[in-house]
Amino acid sequence: MKFRTEIEPLVTDLRIGYRNRILAIGSCFASHIADRLAAAKFHVVKNPSGILFNPLSIAEAIRSYAAAQPVTRQELGFDGELWYHFDFHGDLSAPTADEALQRMNAARQAGAEALRTADRVILTLGSAWVYEHDGHVVANCHRRPAAEFSRRRLTVDEVVESLTEIIEGPLAGKRTLLTVSPVRHLGDGLSGNAASKATLRLAAEILTERLPQTVYFPAFEILLDDLRDYRFYADDLVHPAQQAIAYLWERFTEALLDDEARRLLPEVEAIVAAAAHRPRNPRSEAHRTFCRRQLERIAALPGIDFRAESTLFRQCIEINS
């Protein structure tokens with residue numbers, strides 16, 4: 001008997017390995033996957049400008065990285081407490097203009113470097129609803145009064161046009177993985193959220209049909225149609241629970257990691273877990289032996305960045321010798 005409908009395995013020639021450089025941009029799912037990739041020692045940069053939800057803001061961020069133009073003070077706003085920028089997440093706002101500029105320009109430089117070196121790009125589309133301020137679509141409203149903005153839903157054509165421009169422009173020569181975030185935007189209402197996700201999903205379908213360098217990963221469908229149960233959501237009933245994120249990661253690795261990465265991943269994860277291990281007696285010979293064994297395992301994987309773990313294991317040996 002079957003009690004659920006599982007998503008068919010993704011068949012694609014796009015592969016991600018330890019030699020690749022990855023840039024992940026978009027909503028929460030981009031951050032979740034990037035965090036998993038980083039923990040598994042892949043080369044990945046996530047959301048330099050902070051979490052971005054709508055496709056136009058994602059496209060604008062990528063264009064800003066390609067242009068590498070510095071943020072100026074005239075672009076900032078001040079709400080009486082923090083200096084902010086409508087193209088950046090609130091995490092980069094600051095109490096002084098100089099600090100805000102430093103954070104934002106550092107983020108833009110990091111994005112420019114990541115864009116320059118990346119050969120794999122993950123774009124996660126969160127919402128087709130946008131807020132416009134003086135005719136400009138903003139990435140974040142920064143708690144400004146609603147009267148300052150006009151709200152509308154993008155059309156499928158607008159999403160396709162905007163993303164085609166960057167995929168064929170700044171992202172040319174890179175493989176692009178599109179996803180639609182499974183996180184529900186209840187602020188749009190259930191009907192509004194459904195229309196928004198449908199817009200994004202149709203746009204992603206058109207893009208993958210037109211652009212051979214682009215592939216779609218069904219994160220949205222896995223959570224809503226495969227798992228399909230509130231026990232796979234966090235307490236807010238909006239975001240995926242950790243168990244769901246782990247399952248999405250499993251499906252992601254099965255579909256997209258190359259053969260070498262899939263072979264090495266269990267050993268990499270074991271070494272990372274060993275570094276997080278808290279010994280019963282850190283001064284024991286047993287723990288020193290444990291650390292030496294981890295250094296031997298690291299030496300057998302020369303192409304993977306274990307500098308932090310190597311330093312930790314060596315310090316444990318030296319301190320306790």
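Salt-bridge formation is detected for the pair D13/R175: a Lys NZ or Arg NE/NH1/NH2 atom is positioned less than 4.0 Å from an Asp or Glu carboxylate oxygen. Salt-bridge check for E205 with R201: passed, with a basic side-chain N closer than 4.0 Å to an acidic carboxylate O. Here E221 does not pair with R251 in a salt bridge; the nearest charged N to carboxylate O distance is not below 4.0 Å. Comment: E6 engages R4 in a salt bridge, judged by a side-chain N to carboxylate O separation of less than 4.0 angstrom. A salt bridge between R152 and E158 is present, with a side-chain N of the basic residue lying under 4.0 Å from a carboxylate O of the acidic one.
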List, one per line, each side-chain donor-acceptor pair under 3.5 Å for residues 265-278, sequence neighbours excluded.
residue	atom	partner	partner atom	Å
E267	OE1	R297	NH2	3.1
E267	OE2	R297	NE	2.8
R278	NH1	A276	O	3.2

Counting only pairs under 3.5 Å, give me each side-chain donor-acceptor contact of residues 94-101, with atom names and distances, residues two or more places apart or in other chains.
residue	atom	partner	partner atom	Å
T96	OG1	E99	N	3.1
E99	OE2	R103	NH2	2.7

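Using a 4.5 Å heavy-atom threshold, the side chains of I122 and L37 count as touching.
Side-chain contact check for T179 and T124: at least one donor-acceptor pair (N or O, by modelled atom type) lies under 3.5 Å. Side-chain N/O atoms of E75 and T72 include a donor and acceptor closer than 3.5 Å.
For the atom pair I7 CD1 and F220 CZ, the distance stands at 10.5 Å (nearest 0.5 Å). Residue T253 holds its OG1 atom at 8.0 Å from CZ of R262, rounded to the nearest 0.5 Å.
Note on I62: it does not cluster hydrophobically with V71, by side-chain heavy-atom contacts below 4.5 Å among ILVMFWY residues. Under the 4.5 Å side-chain heavy-atom criterion for ILVMFWY residues, a single connected hydrophobic cluster contains both L178 and L23.
A ring-centre distance under 6.0 Å is found for F53 and H185.
Between H85 and F88, the ring planes are perpendicular. Angles over 60° get that label, and only those under 30° would be called parallel. Between H133 and F86, the angle of the ring planes lies from 30° to 60°, which puts this pair in the tilted group.
Formation of a donor-acceptor pair under 3.5 Å by the D225 side chain with backbone atoms of R228 is not found in this model. At distances below 3.5 Å, not a single donor-acceptor pair connects side-chain atoms of R19 with backbone N or O atoms of G303. A donor-acceptor contact shorter than 3.5 Å is absent between the side chain of R116 and the backbone of G111. Not one N or O on the side chain of N47 forms a donor-acceptor pair closer than 3.5 Å with the backbone of S49. Judged purely by atom type and a 3.5 angstrom limit, N20 has no side-chain atom pairing as donor or acceptor with the backbone of I22. With K174 contributing its side chain and T117 its backbone, the two residues share no donor-acceptor pair below 3.5 Å. Although no hydrogens or angles enter the test, the distance criterion places no donor-acceptor pair under 3.5 Å between the side chain of T164 and the main chain of E161. A donor-acceptor contact shorter than 3.5 Å is absent between the side chain of S57 and the backbone of N54. When atom types are taken as modelled, the side chain of H89 and the backbone of D91 share a donor-acceptor pair closer than 3.5 angstrom.
The two atoms that bring L248 and F29 nearest to each other are CD1-CE1, 3.9 Å, heavy atoms only.
Cation-pi geometry between R151 and W129 is met: the NZ or CZ atom falls under 6.0 Å from the ring centre, inside 45° of the normal.
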